[in-house]
Number of protein chains: 2
Amino acid sequence: MGITKIEIYSVEQNRLAQLLKALAHPARIAILQEIIKSNSCICGDLVLELGLAQATISQHLKELKNADIIQGTIEGASVCYCINPKTWKALETEIGNFLSAVNTGNNCC
Amino acid sequence: MGITKIEIYSVEQNRLAQLLKALAHPARIAILQEIIKSNSCICGDLVLELGLAQATISQHLKELKNADIIQGTIEGASVCYCINPKTWKALETEIGNFLSAVNTGNNCC
DNA sequence: GTAATTAATCGTAATATTGCAATATAAAAT
DNA sequence: ATTTTATATTGCAATATTACGATTAATTAC
């Protein structure tokens, strides 16, 4: 199949899965860490930093943009990407709620 | 391609991506929430709770097991699944570190 | 204006994922 | 012993993902 049956889950479950999926690739994690490290924005230095082709980086950036995790601003010939603070806060809240629902003290089996 | 170039990333980046990927499906989120809700363990009630075929549930459980997020104990004819507290703590730490690296106060573009 | 730079998009190949029916395996109930 | 119940595995079809070369579009440098 390859297609996910989103209609049988809650909106929250689908949204959390979507956000996690956008983060769930080492290239995208590395990209985000680069963006975070360079405090404000960076542009296509990513192609130099990571060992991936320009087309591949661009594709990963697109996915992060689609999930609203980053936003890009055209800056002359290059594009400046940065974290979308609103989505990032939502991420922290939603993932936090999900993870903290477990009492890691009691293990049963 | 479909294959990820894991050799160009750090162990930490790959591990975090792997954990996130295991969580990044609404069915697996729903499964984990069911396990968490029923406090200790549940068995194949998942097939009844979610609207998925038994084979599909079993496959998702396997992926969660492979990522060491849950563990299963055979209990007669059925199997009892629960959260692996060790991995869950690691998840909280690693995701927490990753997310808290962003200062959501300053947005630049 | 022309060449160089930057980044997005298109097309494509290889591989992965999702979902399920059918089957296999193993314990429990009869 | 046979049937029922519970779960795992296999095989398969449909779709998604990853990666990249080639191309395009837009800007900057000359």
Side-chain angles (χ1 to χ4, degrees), chain A residues 1-9 13-14 17-31 34-35 38 41-67 70-82 109, chain B residues 1-9 13-14 17-31 34-35 38 41-67 70-82 109:
Chain A
M1 282 238 148
I3 193 166
T4 297
K5 275 181 139 185
I6 64 169
E7 69 276 10
I8 65 172
Y9 310 104
Q13 287 168 335
N14 283 318
Q18 193 202 11
L19 284 172
L20 290 170
K21 195 174 174 185
L23 300 178
H25 192 287
R28 294 195 286 275
I29 290 176
I31 287 173
E34 274 297 318
I35 293 180
S38 60
C41 305
I42 53 160
C43 317
D45 323 287
L46 293 164
V47 181
L48 300 173
E49 292 292 334
L50 315 184
L52 290 172
Q54 183 265 320
T56 309
I57 298 280
S58 198
Q59 198 176 272
H60 283 302
L61 286 169
K62 191 180 180 180
E63 275 184 71
L64 290 170
K65 249 189 302 180
N66 284 345
I70 61 172
Q71 54 203 189
T73 319
I74 296 167
E75 205 134 290
S78 45
V79 178
C80 167
Y81 284 104
C82 66
C109 52
Chain B
M1 283 237 151
I3 192 166
T4 296
K5 274 183 140 187
I6 63 168
E7 69 276 9
I8 66 172
Y9 310 105
Q13 288 169 334
N14 283 317
Q18 192 201 11
L19 285 171
L20 290 170
K21 194 173 174 186
L23 300 177
H25 192 288
R28 293 195 286 275
I29 290 176
I31 287 172
E34 274 297 319
I35 293 180
S38 59
C41 306
I42 53 161
C43 315
D45 322 288
L46 294 164
V47 181
L48 300 173
E49 292 292 335
L50 315 185
L52 290 171
Q54 183 266 321
T56 308
I57 298 282
S58 197
Q59 197 178 274
H60 283 302
L61 286 169
K62 193 181 178 181
E63 276 184 69
L64 290 170
K65 248 190 302 180
N66 284 346
I70 61 172
Q71 54 202 187
T73 318
I74 296 167
E75 205 135 288
S78 45
V79 176
C80 168
Y81 283 104
C82 65
C109 52

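Order of the sequence lines fixes the chain letters, A, B, ..., with proteins taken first and strands second; residue numbering starts at 1 for each chain. Only this structure's heavy atoms are used, side chains among them; waters, hydrogens and symmetry mates stay out.
Between B:Glu49 atom CD and D:dA6 atom C1' the separation is 16 Å, expressed in whole Å. Note: CG (B:Leu52) to C1' (C:dT17) measures 14 Å, nearest angstrom. Distance, A:Leu61 CG to C:dA8 C1': 10 Å, rounded to whole Å. Taking atom NE2 of residue A:His60 and atom P of nucleotide C:dT9, one finds them 15 Å apart after rounding to whole Å. Rounded to whole angstrom, the span from the NZ atom of A:Lys5 across to the P atom of D:dT15 amounts to 15 Å.
Among the nucleotides D:dC20, C:dT6, D:dA8, the one closest to the side chain of A:Ala77 is C:dT6. You'll find that the side chain of B:Gln59 is closest to C:dC20, out of C:dA8, C:dC20, D:dA19. Among the nucleotides D:dT7, C:dA8, D:dT18, the one closest to the side chain of A:Lys65 is C:dA8. You'll find that the side chain of A:Ser78 is closest to C:dA7, out of D:dT9, C:dA7, D:dG21. The listed nucleotides are C:dT9, C:dA16, D:dA8; the one nearest the side chain of B:Lys21 is C:dA16. Side-chain atoms of A:Ile3 lie closest to D:dT15 of the nucleotides D:dC20, C:dC20, D:dT15.
At a threshold of 4.0 angstrom between heavy atoms, the contacts of B:Thr4 are confined to the sugar-phosphate backbone, with no base atom among them. At the heavy-atom level, B:Ile57 lies nowhere under 4.0 Å from the strands shown. In this structure, A:Ile74 reaches neither bases nor backbone, as no heavy-atom distance under 4.0 Å exists between it and the strands shown. Within the nucleic acid shown, B:Ala55 comes within 4.0 Å of at least one base atom, counting heavy atoms only.
Using bins of under 30°, 30° to 60° and over 60° for the plane-to-plane angle, the ring pair A:His25/B:Tyr9 lands in the perpendicular bin.
Projected onto DNA chain C by closest heavy-atom contact, B:Ala24 and A:Lys62 fall at different nucleotides, the more 5' of which corresponds to A:Lys62.
For B:His25 and C:dG19, the shortest distance from a side-chain N or O to OP1 or OP2 is below 4.0 Å. A close approach under 4.0 Å does not occur between any side-chain nitrogen or oxygen of A:Thr56 and OP1 or OP2 of D:dA19.
The number of heavy-atom neighbours closer than 6.0 Å to CD1 of B:Ile8, taken from other residues, nucleotides and ligands shown, is above 12.
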